[in-house]
Amino acid sequence: MAPLTEEKRKEAEEAMLKGRIEPAIDALKTRIHAEMKLIPRVTFKWLKMNHEIRDSTVMVDIEASFLREETGGLFGSFSGVSESKIKKDIEDAIRRVLREVSKEYGIRIGLRKLNIILR
């Protein structure tokens, strides 16, 4: 009887978790999309996001594409910023949004894979 009860408990837990996951993933995608438009020195092109549920954690794969703005400011002052600095700014913004959404929806969200394409 105990294995059957344990199985039912896990099913109920998964159903409850899925009810919170879908709105959280939608909010996450919307917020990341909005945040990427605010990153300086680049133009946001597209975002791909996939997720997988592992135990009680949602693992997220994110791929984002940007077009680098070579000139800008007075005498092209933005052109001296390194590609690694821009990628770090993007990664920091994505990780911050992940933490905010995770806290707001009360689910654990982990970043499994992040691919930033800068052209």
Side-chain angles (χ1 to χ4, degrees):
M1 185 84 165
L4 186 61
T5 306
E6 181 68 22
E7 186 177 319
K8 287 293 183 186
R9 186 189 63 79
K10 280 186 180 182
E11 286 176 10
E13 191 176 286
E14 283 179 15
M16 186 181 78
L17 192 60
K18 282 187 181 185
R20 292 191 335 227
I21 288 174
E22 294 307 319
I25 294 299
D26 291 341
L28 179 64
K29 191 168 189 174
T30 302
R31 288 188 192 175
I32 288 176
H33 200 273
E35 195 71 30
M36 294 301 100
K37 289 181 180 181
L38 301 175
I39 302 286
R41 300 177 294 275
V42 292
T43 302
F44 176 63
K45 291 299 197 184
W46 51 262
L47 172 74
K48 289 182 186 175
M49 193 172 88
N50 295 317
H51 69 281
E52 178 184 329
I53 303 167
R54 281 200 194 147
D55 299 323
S56 61
T57 304
V58 179
M59 298 306 291
V60 181
D61 297 332
I62 297 174
E63 185 173 13
S65 178
F66 298 86
L67 182 63
R68 185 174 176 157
E69 297 171 359
E70 291 299 327
T71 58
L74 190 59
F75 306 113
S77 60
F78 291 157
S79 60
V81 177
S82 71
E83 186 174 314
S84 62
K85 168 75 170 113
I86 293 171
K87 284 186 175 185
K88 181 165 181 0
D89 289 347
I90 294 167
E91 183 178 348
D92 290 346
I94 289 173
R95 289 188 185 279
R96 181 177 41 77
V97 171
L98 278 170
R99 280 192 308 271
E100 289 171 0
V101 171
S102 178
K103 190 175 186 180
E104 183 178 320
Y105 284 86
I107 58 173
R108 271 187 275 159
I109 302 175
L111 186 60
R112 180 171 53 189
K113 182 177 148 191
L114 177 62
N115 186 19
I116 300 168
I117 301 167
L118 195 58
R119 299 170 204 245

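Sequence positions, counted from 1, serve as the residue numbers for this chain.
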Please report the interatomic distance [atom1]([X]) to [atom2]([Y]), rounded to the nearest 0.5 Å.
X	Y	atom1	atom2	value
Thr57	Ile21	OG1	CD1	9.0 Å
Met49	Leu28	CE	CG	4.0 Å
Leu118	Lys45	CG	NZ	12.0 Å
Met59	Arg108	CE	CZ	10.5 Å
Ile90	Lys87	CD1	NZ	8.5 Å

Excluding sequence neighbours, so at least two apart, what forms side chain to side chain contact (heavy atoms under 4.5 Å, CB included) with [X]?
X	answer
Thr30	none
Leu111	Ile62, Arg95, Leu98, Leu114
Asp92	Lys88
Ala93	Glu35, Met36, Ile39, Arg96

For the side chain to side chain donor-acceptor pair (under 3.5 Å) test, which of Arg68, Arg119, Glu69 pairs with Thr43?
->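 The single option meeting the side chain to side chain donor-acceptor pair (under 3.5 Å) with Thr43 is Glu69.
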For Arg112, what residues pass the salt bridge (charged side-chain N to carboxylate O under 4.0 Å, His left out) criterion, not counting sequence neighbours?
->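 So Arg112 forms a salt bridge (charged side-chain N to carboxylate O under 4.0 Å, His left out) with Glu52, Asp61.
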List in chain and number order the residues that pass salt bridge (charged side-chain N to carboxylate O under 4.0 Å, His left out) with Lys48, two or more places apart in sequence or in another chain; answer none if no residue qualifies.
->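 Salt bridge (charged side-chain N to carboxylate O under 4.0 Å, His left out) list for Lys48, sorted by chain: empty.
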Under a 4.5 Å side-chain heavy-atom rule over Ile, Leu, Val, Met, Phe, Trp and Tyr, are Ile86 and Leu67 clustered together?
-> no
Linking Ile, Leu, Val, Met, Phe, Trp and Tyr by side-chain heavy atoms under 4.5 Å, what else ends up with Leu38?
-> none
Shared-cluster residues of Ile117, by chain and number - hydrophobic side chains joined below 4.5 Å = Trp46
Partners passing side-chain hydrogen bond (donor to acceptor under 3.5 Å, both in side chains) against Lys85 (at least two apart in sequence or in another chain) = Asp89
Indicate the atoms forming the closest heavy-atom contact of Ile107 with Ala24, along with that distance.
-> CD1-CB, 3.5 Å
Quick one: ring-ring contact (aromatic ring centres under 6.0 Å, His included) partners of Phe44, sequence neighbours excluded?
->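 Checked Phe44 against ring-ring contact (aromatic ring centres under 6.0 Å, His included); matches are His33, Phe66.
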